[in-house]
Amino acid sequence: MSKTAIKLNVNGKTEELLVEPRELLIYVLREKLNLTGPHVGCETSHCGACTVEIDGKSVKSCTMFAVQADGAQITTVEGLSTPDNLHVLQRMFREHHGLQCGYCTPGMITRAHRLLQENPNPTEADVRFGIAGNLCRCTGYQNIVKSILAAAAEINAAQEAAE
Amino acid sequence: MIPAAFEYHRPSEIGAALDLLQTHGDEARVLAGGHSLIPMMKLRMAAIEHLIDLRDIADLRGIHIDGTRIRIGAMVTQAELITHEGLASAAPILREAALQIADPQVRYMGTVGGNVANGDPGNDMPGLMQALGAEFDLAGPSGTRTVAARDFYEAAYMTAREDDEILTAIRFDATTGGFAYEKQKRKIGDYATAAAAVLITRDGDSVATASVAMTNLADTPIWSQAAADALTGTTCDAHAIRAATDAALADIDPTEDNRGPVEFKRHVAGIIISRAIARAWSRA
């Protein structure tokens with residue numbers, strides 16, 4: 001089967017690739033672009049470990065072909081920060097013990113990032129509803145929710161201070 | 001879980017998509033949000049040689065409200081239904097139902113057209129479309145035709161859409177009065193054990209009109225004329241709700257599956273239908 005040329009913008013960088021149409025985006029990100037932040041969890045569109053942001057939407061990248069993303073802007077957890085300068089969500093997950101085994105964490109943080117863009121002042125219920133597509137098998141939801149709420153508070157406080 | 005190889009097409013006009021369907025016949029399928037089709041391809045339960053992605057066809061997008069008439073393009077996502085303020089005031093039951101579908105990530109991708117055209121009894125929009133008395137526009141090689149949602153569903157995954165047709169839009173009237181979409185599911189992301197869509201308009205103290213439909217309680221969505229008749233003209237008291245619920249239950253035919261045996265489903269359906277009627281009336 002012939003390959004298709006696609007162009008993706010991933011974490012601000014243009015990537016030109018040749019892919020088979022049947023290649024799922026998660027594998028192209030992990031195996032061709034070496035972005036191993038998005039994880040393969042259930043591979044059945046349930047767990048959200050593979051969540052990335054595509055054109056302003058949180059998407060399970062195990063349920064999208066890379067060819068569908070041709071021309072798209074993609075952000076993975078690697079695109080949110082650098083190791084020396086963590087994103088506020090990452091700092092809050094560390095501070096509030098929002099990660100246990102860590103497997104769901106990149107998907108949780110990527111999803112939370114979009115959630116806070118759309119709703120900068122979420123209630124606890126909003127956060128729980130907003131991350132309902134991400135499973136934590138350690139069942140660490142309590143601290144994940146706490147971390148996201150703390151990140152929202154810090155972002156808002158920083159914005160108020162700036163104004 | 002890697003699907004079998006296929007060729008990918010991404011036309012930007014509906015005519016080109018229809019031509020591809022004509023050329024490739026049974027070997028082709030259209031792709032909307034992909035959250036039903038791609039999992040089936042990964043399980044190799046759907047063998048597709050030519051996948052026709054509809055994402056670049058501008059005519060399939062957009063929510064248009066013209067007075068009391070609403071047209072929703074087939075490629076409008078559940079997330080767009082939820083965030084559209086005009087739709088939330090013209091037909092608020094759409095937002096209420098869409099919020100109960102799957103999870104946030106799936107709602108960003110899943111489309112209303114895919115949901116209604118797929119023919120899966122578990123999909124929520126088909127039941128809702130029964131309640132609304134919606135119409136579906138189907139584009140085919142010899143032009144466009146319109147099919148009533150209440151005539152569209154024939155059996156599980158069997159609809160009035162021909163293989164060479166594409167569902168392009170759904171149309172319905174803005175709603176007035178009370179509404180409710182009630183759904184019982186085992187967990188986030190699950191299909192309904194039972195769900196009901198109810199619309200009620202009020203005239204003084206009594207029910208002027210009612211529409212009652214159900215999801216995943218037969219191999220097609222069910223619209224119950226008898227349930228509507230049992231409510232019309234009543235004060236929607238406990239007796240009327242009981243009569244309407246019994247009438248609705250007489251119209252369903254649930255089957256046993258991993259969501260439970262038939263008796264359990266009928267029990268849950270009764271509760272869900274009664275709640276939906278009571279809530280719709282409280283908002284009427």
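If you're wondering where the values come from, they're calculated on a predicted model, not measured in any experiment. When reading the values below, keep in mind they use all heavy atoms of this one structure, side chains included, and skip hydrogens, waters and symmetry mates.
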Is it true that, when you exclude R71(B) itself, more than 12 heavy atoms of the residues, nucleotides or ligands shown sit nearer than 6.0 Å to its CZ? yes
Identify the heavy atoms of G133(A) and P104(B) that sit nearest to each other, and give their distance. N-CD, 3.7 Å
Tell me, side chain or backbone of L51(B) under 4.5 Å from chain A's heavy atoms, or both, or neither? side chain
Applying a heavy-atom distance below 4.5 Å, give me the residues of residues 180-199 of chain B that approach chain A, sorted by number. K187(B), I188(B)
Side chain proximity check, E20(A) to Y8(B), heavy atoms < 4.5 angstrom: no
Any donor and acceptor pair, going by atom type alone, linking the side chain of K42(B) with main-chain N or O of C62(A) inside 3.5 Å? yes
Check whether more than 12 heavy atoms from other residues, nucleotides or ligands sit under 6.0 Å from atom CD1 of I2(B), and answer yes or no. no
R55(B) side chain to A69(A) backbone, donor-acceptor under 3.5 Å: no
Contact residues of residues 22-41 of chain A (partner chain B; heavy-atom separation under 4.5 angstrom): R22(A), L24(A)
Taking the side chain as every heavy atom from C-beta outward, state whether I38(B) and Q68(A) have any pair of such atoms under 4.5 Å apart. yes
Exceeds 12 heavy-atom contacts within 6.0 angstrom, atom CZ of R283(B): yes
Contact listing (chain B partner; residues 104-128 of chain A; heavy atom under 4.5 Å): R111(A), R114(A), E118(A)
Within 6.0 Å of CE in M158(B), more than 12 heavy atoms from elsewhere: no
Those residues of residues 77-93 of chain B, ordered by number, that approach chain A below 4.5 Å (heavy atom to heavy atom): T77(B)
Measure T63(A) against the heavy atoms of chain B and call it side chain, backbone, both or neither at under 4.5 Å. both
Does the side chain of F65(A) reach to within under 4.5 Å of the side chain of D53(B), using non-hydrogen atoms? no
Does the side chain of H46(A) come within less than 4.5 Å of D103(B)'s, by heavy atoms? no
Sort out for me which of V67(A), D70(A), V59(A), L135(A) touches chain B most, counting heavy-atom pairs under 4.5 Å. V67(A)
From F129(A) CZ over to L99(B) CG, what is the distance, rounded to the nearest 0.5 angstrom? 5.0 Å
Counting heavy-atom pairs under 4.5 Å with chain A, the top scorer among R10(B), M109(B), R107(B), M41(B) is R10(B)
